Amino acid sequence: MEISNRLTYWYLRNKRDLPWRKSQDPYQIWLSEIILQQTQIKQGLPYFNKFIEAYPSVFDLANAPLEEVLKLWQGLGYYSRARNLHETAKFVANESDGVFPEDYKGLVKLKGVGDYTASAIASFCYGEPVAVVDGNVYRVLSRIFGVETPINSTPGIKEFKNLAREILNKEDPATHNQAIMEFGAMHCKPKTPECDSCVFNDKCVALKENKIKELPVKIKKAKVKKRYFNYLILNSEDRIILERRSGKGIWNGLFQFPLVETEEPIKEEHLMKTEKFQKIIDGQKYTVELFNDKPVVHKLSHQHLYTKFWILDCKELPHEGVGLDEVLNYPVPVLIENFLNEYLPDDYK
DNA sequence: AAGGCGGGGTG
DNA sequence: CACCCAGCCTT
């Protein structure tokens with residue numbers, strides 16, 4: 001109880017004023033938690049406001065087309081969150097009268113809702129005494145207790161969940177959970193924690209043993225892969241070809257131009273010999289021009305995409321295509337959006 | 001148990 | 001440059 005009291009004491013004086021903290025509506029809490037998965041509040045906040053404005057209720061979200069939801073989500077990343085969000089909204093609206101499950105057990109069955117998110121909703125909305133463990137909680141607990149078990153190992157996940165349970169204030173789990181996360185985000189920060197003014201600086205094991213910089217321990221993951229993208233912008237009378245990505249890779253459900261991916265950087269002569277290029281150009285006349293002399297490097301967490309945009313001016317498109325005036329209505333990766341903002345004439349924006 | 005999935009921000 | 005972020009899903 002001692003730890004929870006200190007966290008709450010700190011929290012009540014330092015907490016940020018955030019829109020979802022004014023609400024106990026499971027729809028709003030759920031929406032905020034999905035948006036904030038692996039996402040900092042500063043980045044997620046404008047998206048939360050956009051979504052609440054566009055979809056005030058779970059029925060509004062459920063009735064929207066997936067493409068519209070993806071377009072609103074554009075730029076936030078991890079797009080499976082948006083697809084799961086939409087699917088869960090349809091489930092709650094159509095199969096459950098718009099009522100969310102009212103405990104952890106029911107919540108965790110929803111698509112896109114795991115242990116963390118179910119615990120957050122259950123404690124914030126219903127006061128269920130379940131402990132949240134997110135990146136902030138790992139950091140705070142590992143430092144206060146000096147736990148060196150890797151946070152992304154199976155034993156680590158169990159150990160930290162148990163620790164979080166032990167210190168949980170079961171009288172007010174909502175405030176406790178908010179407090180420990182906010183404390184981790186704003187005070188017990190990864191790089192520059194403010195130990196001098198910390199409410200735990202009399203007992204923090206990491207501080208005492210000078211291990212602040214080493215904790216929490218995390219197992220390193222594989223390094224980034226390089227990929228070489230060549231996008232073909234087939235332009236005929238201000239209409240171009242867009243294709244929808246599908247499958248298990250990046251950007252599933254988003255739109256892009258016809259893509260030639262190669263193992264190595266590629267020159268124009270080689271590009272023209274590729275199967276995809278021949279298929280898309282289909283024997284007709286065209287002129288080709290490289291839009292960007294140096295490849296655009298787009299960095300994801302685990303891939304670096306070296307990208308060239310080739311402008312192909314041709315007589316007709318292989319199919320109807322999309323007018324330049326409506327391209328920006330499609331959900332696209334930031335890489336494509338950035339290109340379009342350079343390529344499109346101003347009157348199309 | 002391990003790998004994949006975005007984009008923005010920090011030191 | 002490395003590391004982090006109110007994690008989850010699939011294999």
Side-chain angles (χ1 to χ4, degrees), chain A residues 11 15-16 18 20-21 29-48 70 73-85 87-88 107-124 131-140 150-158 160-161 164 174 176-186 188-193 213-225 227 245 247-254 297-305 331-338:
Chain A
Y11 175 69
K15 66 175 178 175
R16 290 167 285 185
L18 299 170
W20 47 86
R21 287 191 176 146
I29 301 300
W30 164 73
L31 175 62
S32 73
E33 292 301 340
I34 303 298
I35 287 174
L36 292 174
Q37 287 168 6
Q38 289 293 283
T39 304
Q40 298 200 335
I41 286 176
K42 186 178 174 190
Q43 188 187 5
L45 181 54
Y47 285 83
F48 176 81
L70 282 170
W73 197 272
Q74 181 182 303
L76 198 52
Y78 286 145
Y79 295 93
S80 65
R81 288 185 292 170
R83 294 192 304 275
N84 289 335
L85 181 84
E87 189 167 333
T88 290
L107 288 162
V108 80
K109 292 182 179 142
L110 300 174
K111 275 227 167 70
V113 175
D115 177 74
Y116 163 77
T117 304
S119 302
I121 301 172
S123 60
F124 298 163
V132 296
V133 183
D134 73 337
N136 295 305
V137 176
Y138 281 123
R139 187 168 54 253
V140 171
I151 61 174
N152 54 346
S153 67
T154 300
I157 291 168
K158 275 179 74 172
F160 283 98
K161 182 78 182 181
H176 171 99
N177 281 337
Q178 295 272 13
I180 190 168
M181 290 193 287
E182 187 80 333
F183 179 75
M186 299 187 62
C188 191
K189 296 172 288 185
K191 299 285 189 182
T192 54
K213 280 211 286 288
E214 342 294 323
L215 293 174
V217 175
K218 199 170 181 178
I219 300 167
K220 307 244 190 274
K221 292 289 179 74
K223 57 173 187 177
V224 300
K225 288 178 180 159
R227 302 175 69 178
R245 288 186 68 99
K248 291 179 300 185
I250 57 173
W251 300 333
N252 181 15
L254 275 58
V297 186
H298 189 75
K299 295 180 178 179
L300 311 181
S301 334
H302 39 285
Q303 302 178 17
H304 287 183
L305 311 177
V332 297
V334 165
L335 173 63
I336 301 289
E337 179 86 359
N338 289 344

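Note: hydrogens, waters and symmetry copies are ignored here, and every other heavy atom, side chains too, is used. In this text the structure is predicted, and so the values were computed from the model without any measurement. Within every chain, numbering begins at 1; the chains are lettered A, B, ... in the order of the sequence lines, protein sequences first and strands thereafter.
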[atom1] spacing across the pair [N] / [M], given as an integer number of angstrom:
N: C:dT10; M: B:dG7; atom1: C1'; answer: 22 Å
N: B:dG4; M: C:dA6; atom1: P; answer: 24 Å
N: C:dC8; M: B:dG9; atom1: P; answer: 24 Å

Using a cut-off of strictly less than 4.0 Å, decide whether [X] has a side-chain nitrogen or oxygen near OP1 or OP2 of [N].
X: A:T117; N: C:dC8; result: yes
X: A:W251; N: B:dG7; result: yes
X: A:H302; N: B:dC5; result: yes
X: A:R139; N: C:dC4; result: no
X: A:Y79; N: B:dG7; result: yes

[X] versus [Y]: any side-chain heavy-atom pair under 4.5 Å?
X: A:Q37; Y: A:R81; answer: yes
X: A:Y79; Y: A:I250; answer: no
X: A:N252; Y: A:S80; answer: no
X: A:K111; Y: A:R83; answer: no
X: A:I41; Y: A:L36; answer: yes

Protein-nucleotide distance ([X], atom [atom1]; [N], atom [atom2]), rounded to Å:
X: A:L85; N: C:dC9; atom1: CG; atom2: C1'; answer: 16 Å
X: A:N84; N: B:dG4; atom1: CG; atom2: P; answer: 19 Å
X: A:Q303; N: B:dG7; atom1: CD; atom2: P; answer: 11 Å
X: A:K218; N: C:dC4; atom1: NZ; atom2: P; answer: 5 Å
X: A:D134; N: C:dC5; atom1: CG; atom2: C1'; answer: 9 Å
X: A:Y116; N: C:dA6; atom1: OH; atom2: P; answer: 9 Å
X: A:I35; N: B:dG6; atom1: CD1; atom2: C1'; answer: 15 Å
X: A:I157; N: B:dA2; atom1: CD1; atom2: P; answer: 11 Å

Legend entry - Sequence-distant partners of A:F48, ring pair (Phe, Tyr, Trp, His ring centres under 6.0 Å), two or more places apart: A:W20
Which is true for [X] with a 4.0 Å heavy-atom rule: it touches a base, it touches only sugar-phosphate, or it touches nothing?
X: A:V137; answer: nothing
X: A:L76; answer: base
X: A:K220; answer: sugar-phosphate
X: A:W20; answer: base
X: A:R83; answer: nothing
X: A:D115; answer: sugar-phosphate
X: A:G44; answer: nothing
X: A:K189; answer: nothing
X: A:Q178; answer: base

Inset, instruction - With DNA chain B as reference, determine whether A:I250 or A:K221 sits nearer its 5' end, using the nearest nucleotide of each. - result: A:K221
Inset, instruction - Would you mind telling me which of C:dG7, C:dA6, C:dC4 lies closest to the side-chain atoms of A:P190? - result: C:dC4
Legend entry - Candidate nucleotides C:dA6, B:dG4, B:dG7, ranked by approach to the side chain of A:L300 - the nearest: B:dG7
Legend entry - Selection residues 115-124 of chain A - residue pairs positive for salt bridge (Lys or Arg N to Asp or Glu O under 4.0 Å), sequence neighbours left out: A:D115-A:K161
Inset, instruction - For A:V108 and for A:L36, find the nucleotide of DNA chain C with the closest heavy atom, then tell me which residue's nucleotide is more 5'. - result: A:L36
Legend entry - Contact nearer the 5' end of DNA chain C, comparing A:L110 with A:I41: A:I41
Legend entry - Side-chain donor/acceptor of A:S301 to base of B:dG6, under 3.5 Å: yes
Check: [X] side chain, [Y] main-chain N or O, donor-acceptor pair, under 3.5 Å:
X: A:R21; Y: A:R16; result: yes
X: A:Q303; Y: A:R227; result: no
X: A:Y47; Y: A:Q74; result: yes

Output a table of nitrogen or oxygen pairs between the protein and nucleotides 8-11 of chain B separated by less than 3.5 Å.
none

